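Beneath this line is the structure, given in structure tokens, with notes to follow.
The structure presented is a predicted model; accordingly, all values stated were derived computationally and were not measured.
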Amino acid sequence: MSTVLLLESIHEDAHQILAQQSTVVTAEYNPTAVDAIITRGKGQVNADLIHQLPNLKVIARCGVGLNNVDLESARAKGLEVLNTPGLNAATVAEHTIGLMLMLQRQLYRNIAATKQGDWQIRNQYGGDELRGKTLGILGMGDIGQRVAKIATALEMNVVYWNRSAKDVYYDRLSLENVLIDSDIISIHLPLTEETRYLLDQEKLALCHRNVLIINTARAEIIEPNALLEALQNDKIKGYAADVPRSQSNIEKQLYTLDQVLLTPHIASLTARTYRDICVTSAVNVLAFLSGEEVNGRFRALR
């Protein structure tokens, strides 16, 4: 029977599926005879761990991003790496639109004031509609396309920037033109060496002063000093994110700004999607260990 190491908790249904066909252990057990690792977003599958497990055959990430998996070491050892692209597209898109509405309609500050008994805040209301606004999407993958579809239903104009053209209805522009033309920018890019700090001071300066930026991808796509300076000097009207950041002084200053909305990396944690990504990961790991073919969509090292 195969042994599967869990670096983090997973949905109970997924845990039961694994337990029926394998021995499930956790990091505290400190095993060496491990055939598979399953992690979510925090458990680090680094080179040291990979080299400590001579029987390791497959690593699965319950999610899309693979920043917590050492892909180079996995590739060098000939390991299979699995993830769940596309399964979180609907829920992250919903979360993105929710943050967009919160910023555009100034819902958060008005709800907070009203709960404190301040009904006079309505006299300062400056919210607006999404209808008629131009949404610039950075990264037209599964999530970006889902956001675009919802935005179109809300009568927004959608443009996008992506490294390659996509078979979509929307206009593909240069990154610079998307930043210049957009009322709202929504980020759906993977974090790579190319996209790290993609939006720096120079790029943010291209945006108009009333722009809103939504980031449900990775924090490091925006250079933090440039973001803080733009917000403090009203060069950006609002920023909302669902991405974990460090606890540096810059980050702490971001948290104090009224025009910044942050959620604790929960876009994919809805009951439905959490179960889907965990169960899919468990089933794919067991299939691989049994010598069955795994859908290429879920194979990260292709």
Side-chain angles (χ1 to χ4, degrees), residues 1-50 52-53 55-71 73-74 77 79-95 142-143 146 190-191 216-218 242-244 263-302:
M1 182 176 287
S2 299
T3 299
V4 177
L5 170 63
L6 298 182
L7 296 186
E8 299 172 77
S9 62
I10 59 176
H11 194 280
E12 182 59 29
D13 290 352
H15 199 289
Q16 290 182 12
I17 289 170
L18 287 173
Q20 290 171 2
Q21 300 183 46
S22 66
T23 299
V24 181
V25 297
T26 60
E28 291 79 9
Y29 181 69
N30 196 27
T32 56
V34 166
D35 301 284
I37 294 174
I38 296 180
T39 188
R40 286 164 52 201
K42 293 183 178 180
Q44 298 295 312
V45 186
N46 53 35
D48 288 342
L49 179 60
I50 290 173
Q52 289 171 19
L53 305 175
N55 297 336
L56 186 62
K57 303 175 183 67
V58 57
I59 300 165
R61 156 81 159 94
C62 300
V64 180
L66 293 163
N67 304 94
N68 59 325
V69 178
D70 187 332
L71 295 179
S73 295
K77 196 172 179 180
L79 304 178
E80 183 72 71
V81 178
L82 307 173
N83 61 348
T84 55
L87 296 190
N88 69 340
T91 187
V92 175
E94 285 187 11
H95 197 87
D142 292 327
I143 299 171
R146 181 76 68 142
L191 180 62
T216 52
R218 290 291 183 268
D242 182 57
V243 289
T263 53
H265 205 41
I266 56 172
S268 292
L269 287 185
T270 56
R272 175 173 179 169
T273 295
Y274 177 54
R275 182 187 185 279
D276 284 350
I277 62 177
C278 290
V279 168
T280 298
S281 297
V283 169
N284 286 340
V285 163
L286 292 174
F288 180 82
L289 292 176
S290 300
E292 300 174 16
E293 185 65 28
V294 176
N295 187 327
R297 172 189 180 193
F298 301 113
R299 299 176 66 177
L301 299 181
R302 293 191 284 271

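A side-chain donor-acceptor contact under 3.5 Å links Q44 to the backbone of K42. Proximity of a side-chain donor or acceptor of N295 to a complementary backbone N or O of F298 within less than 3.5 Å is not detected.
No side-chain donor from either of T84 and R297 sits under 3.5 Å from a side-chain acceptor of the other. Looking only at atom types and distance, the side chain of T216 has no donor-acceptor partner in the side chain of H95 under 3.5 Å away.
Within the 4.5 Å cutoff, the side chain of L71 has heavy atoms near those of the L301 side chain. In this structure, the side chains of L56 and I37 come closer than 4.5 Å at one or more pairs of heavy atoms. Two residues are said to be in side-chain contact when any heavy atoms from C-beta on lie closer than 4.5 Å; V25 and V4 fail this criterion. In this structure the side chain of E292 never reaches within 4.5 angstrom of the side chain of V294, judged on heavy atoms. Side-chain contact between I59 and I50 is present, with heavy atoms from C-beta onward closer than 4.5 Å.
For the atom pair OG (S2) and CG (L18), the distance works out to 10.5 Å, reported to the nearest 0.5 Å.
Ion pairing of R61 with E8 is absent here, as no side-chain N (NZ or NE/NH1/NH2) approaches a carboxylate O to less than 4.0 Å.
Under the rule for a side-chain contact (heavy atoms from CB on, under 4.5 Å), the partners of T91 that lie at least two apart in sequence or sit in another chain are N88, S268, T270, T273.
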(message) Is there a salt bridge (charged side-chain N to carboxylate O under 4.0 Å, His left out) between E80 and R299? Walk through the geometry before answering.
(response) CA-CA 7 Å; E80 183 72 71; R299 299 176 66 177; 3.0 Å; yes
